[in-house]
Amino acid sequence: MVTHVSMASLKLVLLLFILSFFNLNTCKAQEQNTDPVYLYHNCSGGNTTANSAYQLNVGTLFSSLSSKSIEFSNDTVGTSSSDRVYGLFMCRGDVPTALCQQCVFNATRRLRSECSLAKQAVIWYDECTVRYSNRSFFSTVAVRPRLGLLNTANISNQESFMKLLFSTINTTADEAANFSVGLKKYATKQANISGFQSLYCLAQCTPDLSPQDCRSCLSGVIGDLPWCCQGKQGGRVLYPSCNVRYELYPFYRQVTPAPPPSSPLLPPPASANSQGGGGISTGTIVAIVVPITVAVLLFIVGICFLSRRARKNQGSLKEGKNVDDITTVESLQFSFGTISAATNNFSAENKLGEGGFGEVFKGALPTGQEIAVKRLSKSSGQGGEEFKNEVVVVAKLQHRNLVRLLGFCLQGEEKILVYEYVPNKSLDYTLFDPEKQRELDWRRRYKIIEGTARGIQYLHEDSRLRIIHRDLKASNILLDSDLSPKISDFGMARIFGVDQTQGNTDRIVGT
Ligand SMILES: *[C@@H]1O[C@H](CO)[C@@H](O)[C@H](O)[C@H]1NC(C)=O
Ligand SMILES: *[C@@H]1O[C@H](CO)[C@@H](O)[C@H](O)[C@H]1NC(C)=O
Ligand SMILES: *[C@@H]1O[C@H](CO)[C@@H](O)[C@H](O)[C@H]1NC(C)=O
Ligand SMILES: *[C@@H]1O[C@H](CO)[C@@H](O)[C@H](O)[C@H]1NC(C)=O
Ligand SMILES: *[C@@H]1O[C@H](CO)[C@@H](O)[C@H](O)[C@H]1NC(C)=O
Ligand SMILES: *[C@@H]1O[C@H](CO)[C@@H](O)[C@H](O)[C@H]1NC(C)=O
Ligand SMILES: *[C@@H]1O[C@H](CO)[C@@H](O)[C@H](O)[C@H]1NC(C)=O
Ligand SMILES: *[C@@H]1O[C@H](CO)[C@@H](O)[C@H](O)[C@H]1NC(C)=O
Ligand SMILES: *[C@@H]1O[C@H](CO)[C@@H](O)[C@H](O)[C@H]1NC(C)=O
């Protein structure tokens, strides 16, 4: 009997011990203030002149829109019809108002600089849409300009997938058009593809549209899905007045109702009694279980406390305030002379390889530190300031399973990224070489898998930005001297500007 009890309590302790590791996630500092994600903008309608009444009104409109803490608003500024400006913003239905407001703030700031003289413009972020015009456009459907974005991964069973997609997204659209609680025309739906895979759909219109107008706008974007995303695992089409998106993962926040308040932590004593009648009394079990539970809870709290302290002291491994404070553009900028000298003037002997974004060279700084220098091909459309800003952001992502970005060099057309040098080449080199692959015993492979997963988890969840790698493959996993993996090329979508592969009005970009 005694062994029975101690086995049971041992199992309990073990269970709680395992649970405590899951609990670590909940005691982790909750600071995930993700920045709004810019997608695309279009200025049109001809130019006004600098400091005209119209331009000033646009400025007033922007301040007014970005001061509202709601999900949708339209506004009109200007008294005379010649300089009146109409504007509105809409946030995605699941976006909290604080993030919504930040999105509108960033969007109007970007419009101010990118479309400073334009009479009308539209800008899309993941979280919000902002438009303005000299024409009154409220309660009317606008279908141009349009934007298509696709997830580059292919879908396997195209025919049945597209069928499921259209039927699901049509019902999502019906629901969004008819939905009229608060200031929203928004709906999401989830459908089973198989037991393991789900399809997630979203549809939304600006709420100034009537249900019929909203549905006809949504029919337009849905009809454009084959244009943008035929055979792809995810995609979206955005018009100024409405948009749809689908993916194989939940990309929106689930707005779940609050769970019912009662939550018994311990099983009801009856179940303990029902099992065996003649053994230990309920009192004994309580006397054993309660102290153990308390002890384990204390243990969990202790672990939380210690791991927090450890995290605080970790500065150089995990992102933290101290890293934040010292990362400035100046501290990251290398002169072209330094880089040129370090790589022996980009000599062929120093060349390590060629990736999607340009050539890579090995180099050594005057301090002796070895570096890898990535010379970006010149097709990047991004301006210098934007490039610098993104480098500063990506340089803050530091983790032992990510290749560290040390800095950059910007000179005329040249854009160069400087990374730490990782000695053992990329995983594919070792993996597919008949001789070298023997070095990879199971223990090492496991270590590589685990490290890669940790790096990705950091990018997805633990860093302040949420970065999706979009091109994770063996050739982007580098191995250091003890064969620990380091992921490279993360954040390239930010640094390089969004990849644009189609004509002028109708952009398709990989996500
Ligand atoms: C409007 O001004 C921008 C620069 O501010 C210029 O690039 C563009 O060509 C102008 N458009 C027209 C129609 O004049
Ligand atoms: C917002 O749009 C509606 C029509 O949808 C219009 O009646 C109203 O005047 C607009 N509000 C402002 C402040 O422009
Ligand atoms: C968006 O606005 C926030 C707050 O003003 C700022 O910290 C952030 O850098 C902005 N992001 C972009 C991409 O402009
Ligand atoms: C808006 O601007 C365009 C281009 O300058 C002009 O043709 C149009 O008449 C203007 N519309 C109004 C209502 O002022
Ligand atoms: C997707 O399929 C197309 C041909 O249908 C092929 O060219 C492309 O490489 C595939 N992409 C991926 C990521 O598998
Ligand atoms: C979905 O709606 C579009 C038009 O909006 C229609 O062409 C298509 O047949 C519909 N598909 C399904 C499966 O209902
Ligand atoms: C939405 O409303 C329209 C009429 O306004 C109706 O025909 C349609 O069946 C409704 N759809 C849903 C899903 O309730
Ligand atoms: C999807 O499948 C799961 C299990 O396979 C099931 O529990 C769930 O009800 C299904 N959902 C829908 C919407 O069919
Ligand atoms: C912007 O939108 C207008 C109107 O749809 C279109 O004519 C123009 O080509 C677009 N400009 C760009 C750069 O896509």
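Counting starts at 1 for both ligands and their atoms, following the listed order. In this text, all values refer to a predicted model and were calculated from it rather than measured experimentally. Side chains are part of it too, since the values below use all heavy atoms of this structure and drop only hydrogens, waters and symmetry mates.
Set against the non-hydrogen atoms of K119, the atoms of ligand 4 under 4.0 Å away are 2 (O), 5 (O). Residue-ligand proximity, Y40 to ligand 9, at heavy-atom distances under 4.0 Å covers atoms 14 (O). Per-residue contacts place N42 under 4.0 angstrom from the following atoms of ligand 9 (heavy atoms of the residue considered): 1 (C), 2 (O), 3 (C), 8 (C), 10 (C), 11 (N), 12 (C), 14 (O).
Atom CD1 in I371 sits 7.5 Å away from atom OG1 in T343 (nearest 0.5 Å). Once rounded to the nearest 0.5 Å, the distance linking CG of N476 with CG of D428 reads 9.0 Å. If you take CD on Q190 and OH on Y200, they are separated by 4.0 Å, rounding to the nearest 0.5 Å.
In this structure, atom 13 (C) of ligand 4 lies nearest to the protein heavy atom N134 O, 3.7 Å. At the shortest separation from atom 14 (O) of ligand 2 among protein heavy atoms lies T76 OG1, 2.6 Å. Ranking the protein heavy atoms by distance from atom 5 (O) of ligand 2 puts S139 OG, 2.7 Å first. In this structure, the protein non-hydrogen atom closest to atom 4 (C) of ligand 4 is G45 O, 3.3 Å.
Stacking of R131 on the aromatic ring of F137 is recorded, both the 6.0 Å distance cut-off and the 45° axial limit being met.
Of the protein's heavy atoms, at least one falls inside 4.0 Å of atom 11 (N) of ligand 2. Atom 7 (O) of ligand 4 is not flagged as protein-proximal [any protein heavy atom, distance under 4.0 Å].
A donor-acceptor contact shorter than 3.5 Å links the side chain of K486 to the backbone of R400.
When each of K473, K374, H469 is paired with D489, the side chain to side chain donor-acceptor pair (under 3.5 Å) condition holds for K374 and for no other.
Of all the listed residues (N74, L209, D75, D208), N74 holds the heavy atom that lies closest to atom 2 (O) of ligand 2.
The SG atoms of C43 and C115 sit under 2.5 Å apart.
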**OP:** With ring pair (Phe, Tyr, Trp, His ring centres under 6.0 Å) as the test, would you mind laying out the steps for Y132 and F62 before giving the verdict?
**Re:** CA-CA 9 Å; Y132 71 86; F62 285 170; 5.5 Å; yes

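Checked against a 3.5 angstrom limit, the closest N/O atoms of R135 and ligand 4 fall outside it.
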